[in-house]
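To start, the structure under review is shown below, and the notes come after it.
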Protein chains: 2
Amino acid sequence: MEKTAGRKLTLKEMAEQIGVSKATVSNAFNRPDQLSKQLRERILAQCEALGYSGPNMSARSLRTGKTGIIGVLLADTLSFNFSDPVANQFLEGLGNALDKQHVNMLLLPSCEENYQSSQVQTIPDGYIVYGQPLKESLMRRLEHQGKPLVTVDFTASFGQSVSVHVDNQKAACEAAMHAVAPVEHPRVSIFGLRLTSAIQAGLIADKELFGIEESISRRRLEGYREALVRLKVKPDMISLWNFPHNDQQQVRVMARGILSAPERPNVLLCMSDKIALAALDAARDLGIKVPQELRVVGFDDIPEAMERQLTTVHQPLREKGRIAADIVLQLQSFEDHVLSTELLVRNSCP
Amino acid sequence: MEKTAGRKLTLKEMAEQIGVSKATVSNAFNRPDQLSKQLRERILAQCEALGYSGPNMSARSLRTGKTGIIGVLLADTLSFNFSDPVANQFLEGLGNALDKQHVNMLLLPSCEENYQSSQVQTIPDGYIVYGQPLKESLMRRLEHQGKPLVTVDFTASFGQSVSVHVDNQKAACEAAMHAVAPVEHPRVSIFGLRLTSAIQAGLIADKELFGIEESISRRRLEGYREALVRLKVKPDMISLWNFPHNDQQQVRVMARGILSAPERPNVLLCMSDKIALAALDAARDLGIKVPQELRVVGFDDIPEAMERQLTTVHQPLREKGRIAADIVLQLQSFEDHVLSTELLVRNSCP
DNA sequence: TTGTATGCGTTATCAT
DNA sequence: ATGATAACGCATACAA
């Protein structure tokens, strides 16, 4: 029996060709327990031979109400998300978990603009929003669809979504305590990420901070401050710097500037490992000894952090992805998950 | 009018609420010219207010036969494809073009395994297969669906798919001519990528070459050889090396070994810029002067190639993505497109 | 410009 | 174990 190329095959036609009813063919694909093993195999083989690639997804979805697709809303571009080691690991964990359930992921990059006009809106069975709070209007639209909605690394301030994250504040506080406590006369610089809407890197004051209380950076900042207050570090010994991008080159240049000042800092609290590594580069450029003259802590524990002996906060990135997937697929209870972090003490800040 | 969260809204219900017929609401979404501008806007506004996010995709797809999704089959993992500058640029061009038509891309990584059992099969309206020939059985399955099928950087040896690519052989030949011609006593090493199934890097003989005649690497190899024959370079002055991965670290170590030999090569023909850059690193490690003692050419023209003054073959990667998209969306004639390349002469091989 | 009727391909319920 | 039938939500030809 040869295949008839080009024809649009349907389950109904298969049934007729094979000489059974539509329901039986459908069962052969979806409910193996509803028919004899041999019949099922005969049907599957015939379909294969006839060139039928399985039930039409649109029709099946219309009937079952499920598409087998999870939408992943990303804050940045695809290339950023895959070249950044943090996002990369998260997406890897997420992808694996979805794969395991034979669910596909529809990546929706820089979703703010795209998601307005597109028809994507009703495709996914659920959503995972990664990394950065979306505009409220968009979040509301998503929530209103009544599908599982999981936010990662931030918490929506309303609605009934669920969040997977680490306790950034606590972890940052712990890191700062470790870094600052042993120093007799601490001069602390905090290197923050996207704390304001400024597009230039620079020193910032409190009042300039972004309104988004729930962002990762804000939580980490609060943690650092909590530690600094506890250790009674005077405010004028603390400077807060903002970097608009997690970009090593830029940070390195800026850090050289900061570390060249006469009263240069002796502790650097960095909100990401990339920033911290760039700071280490800058220190090396200037011949500043780490950790003797400068203690540096990072955040995230990307692979390079280990190679370069950076003290940092480890967070289970792949695990985060896995859990987010399991929640959205309803394999985990629909409630907030707070994953634990671990301070990894290495040479940059022993 | 407040929205009733949780309810599943349908176009029919909207019509009833608003007091028009289903068809009119449908037209408001899909055919602006079929009703008065004001009515259309009233309907859209009402739907928005009621929390209706637009027509259900499954139902619409079932009716129209289109899903608005293009499947992109990738040879490697997602993270590879986005961290590799070549793949990255291609996907960027592709993504932009699809976006422009409000079409989504479903990324199907390392598709060999996944694609067997998954339900994805019937979702996309068309396919783009990137970079590496798939198993024939899979290709046949795809072709049999009767949807537009575009292969990029290789040509399927059967069926009715269409291909977007550059003339790798011609470009490689040109590069080799330029590199080798000026050298009086050329000793040439070819650094190839995935020319055999070996997982270790190493020297290879002809008979070990992969059977896949159509792969990018094979075309480039033929191009190099064509040039070497024309220039009458003796076979024993040519060595052919294979690298299983486009991985800089590994290549650098291997290249150091090769360049340490007593009769070391004075021309390096590299099948990718990454490999070429690693070779430059190795030359620097050994204090070998480029281009005086060693001429190096790459392939692809990734951004770093310019920074490091690597002579290489430029190919229009984003353009390739754009064209592939346009073909699969039937905005371009359904026929092979061969894009032109350009040899960029820089310091590594003037 | 608007409304009516039909069917897209499938799955689930029920009956056999 | 298998078959008949009714939805699923929508777009479109056609009628008004």
Side-chain angles (χ1 to χ4, degrees), chain A residues 7-44 46-47 50-69 119-125 145-147, chain B residues 7-44 46-47 50-69 119-125 145-147:
Chain A
R7 284 277 299 112
K8 215 188 311 171
L9 284 341
T10 73
L11 187 145
K12 182 178 166 191
E13 288 173 9
M14 288 303 108
E16 286 165 3
Q17 291 276 335
I18 300 178
V20 295
S21 81
K22 292 192 311 180
T24 305
V25 179
S26 176
N27 284 333
F29 278 100
N30 306 313
R31 309 185 356 187
D33 53 312
Q34 296 295 300
L35 36 56
S36 69
K37 187 160 178 151
Q38 42 197 345
L39 178 59
R40 175 176 139 88
E41 281 173 0
R42 187 166 70 85
I43 293 178
L44 258 33
Q46 294 248 20
C47 286
L50 290 163
Y52 177 67
S53 357
N56 173 299
M57 276 302 299
S58 300
R60 152 183 275 174
S61 301
L62 179 57
R63 188 57 232 259
T64 62
K66 302 243 156 269
T67 59
I69 294 179
Q119 313 92 321
V120 189
Q121 313 225 14
T122 58
I123 296 182
D125 294 333
Q145 293 187 32
K147 298 170 180 172
Chain B
R7 283 279 298 115
K8 215 188 312 168
L9 284 341
T10 73
L11 188 146
K12 183 177 166 190
E13 289 173 9
M14 287 305 108
E16 287 165 2
Q17 291 275 336
I18 300 177
V20 296
S21 82
K22 292 196 307 180
T24 305
V25 180
S26 175
N27 283 334
F29 279 99
N30 306 312
R31 309 186 347 185
D33 52 314
Q34 296 296 303
L35 35 55
S36 68
K37 186 159 179 148
Q38 42 197 341
L39 177 57
R40 176 176 138 88
E41 281 173 0
R42 186 165 70 86
I43 292 178
L44 258 33
Q46 294 249 19
C47 286
L50 289 163
Y52 177 67
S53 358
N56 173 298
M57 276 303 297
S58 301
R60 153 184 270 171
S61 301
L62 180 57
R63 184 63 230 262
T64 61
K66 302 242 156 271
T67 59
I69 294 181
Q119 312 94 319
V120 190
Q121 312 224 17
T122 58
I123 296 182
D125 294 334
Q145 293 187 31
K147 299 169 180 173

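Throughout, protein chains are lettered first and strands after them, A, B, ... in sequence-line order, and every chain is numbered starting at 1.
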Nucleotide [N], atom [atom2] - distance to [atom1] of [X] in whole Å:
X     : N      : atom1 : atom2 : value
B/I18 : C/dG3  : CD1   : C1'   : 15 Å
A/M14 : D/dG3  : CE    : P     : 16 Å
B/M57 : C/dT10 : CE    : P     : 17 Å
B/K37 : C/dT1  : NZ    : C1'   : 17 Å
A/R42 : D/dA1  : CZ    : P     : 16 Å

TODO: Report the distance from atom CG of B/L50 to atom CD1 of B/I43, rounding to the nearest 0.5 Å.
DONE: 12.0 Å
N/O contacts under 3.5 Å, protein versus nucleotides 14-16 of chain C?
none

Task: Exercise: identify the closest heavy-atom pair between B/I123 and A/I69 - done: CD1-CD1, 3.8 Å
- [ ] Just jot down the side chain to side chain donor-acceptor pair (under 3.5 Å) partners of B/S58, sequence neighbours excluded, or say none.
- [x] none
TODO: Go through the structure and list residues passing side chain to side chain donor-acceptor pair (under 3.5 Å) with A/K147, not counting sequence neighbours.
DONE: A/Q145
Open item on the list: Tell me every residue that passes side-chain contact (heavy atoms from CB on, under 4.5 Å) with A/T10, counting only those two or more places apart in sequence or in another chain.
Closed with: A/K12, A/E13
Task: Test side-chain contact (heavy atoms from CB on, under 4.5 Å) applied to A/A59 - qualifying residues, sequence neighbours left out - done: A/N56, B/L62
Return all side-chain donor-acceptor pairs below 3.5 angstrom for residues 18-32 of chain A, not counting sequence neighbours, or 'none' if the list is empty.
from  : atom 1 : to    : atom 2 : distance (Å)
A/S21 : OG     : A/A23 : N      : 3.4
A/S21 : OG     : A/T24 : N      : 3.4
A/S21 : OG     : A/T24 : OG1    : 3.2
A/S26 : OG     : A/N30 : ND2    : 3.4
A/N27 : ND2    : A/A23 : O      : 3.3
A/N30 : OD1    : A/R60 : NH2    : 2.3
A/N30 : ND2    : A/S26 : O      : 3.2

TODO: Could you walk me through whether B/Q38 and B/R42 pass side-chain contact (heavy atoms from CB on, under 4.5 Å), step by step?
DONE: CA-CA 6 Å; B/Q38 42 197 341; B/R42 186 165 70 86; over 6 Å; no
Task: N/O donor-acceptor pair under 3.5 Å between B/T122 side chain and A/M57 backbone - done: yes
Between the protein and nucleotides 4-9 of chain D, list every N/O to N/O distance that falls short of 3.5 Å.
from  : atom 1 : to    : atom 2 : distance (Å)
D/dG9 : N2     : B/A59 : O      : 3.4

Open item on the list: Reading 5' to 3' and counting Watson-Crick or G-U wobble pairs with both distances under 3.5 Å, write the dot-bracket notation for DNA chain C, | for bases paired outside the strand.
Closed with: ||||||||||||||||
Task: Stretch residues 27-34 of chain B: residues that reach within less than 4.0 Å of DNA chain C through a heavy atom - done: B/Q34
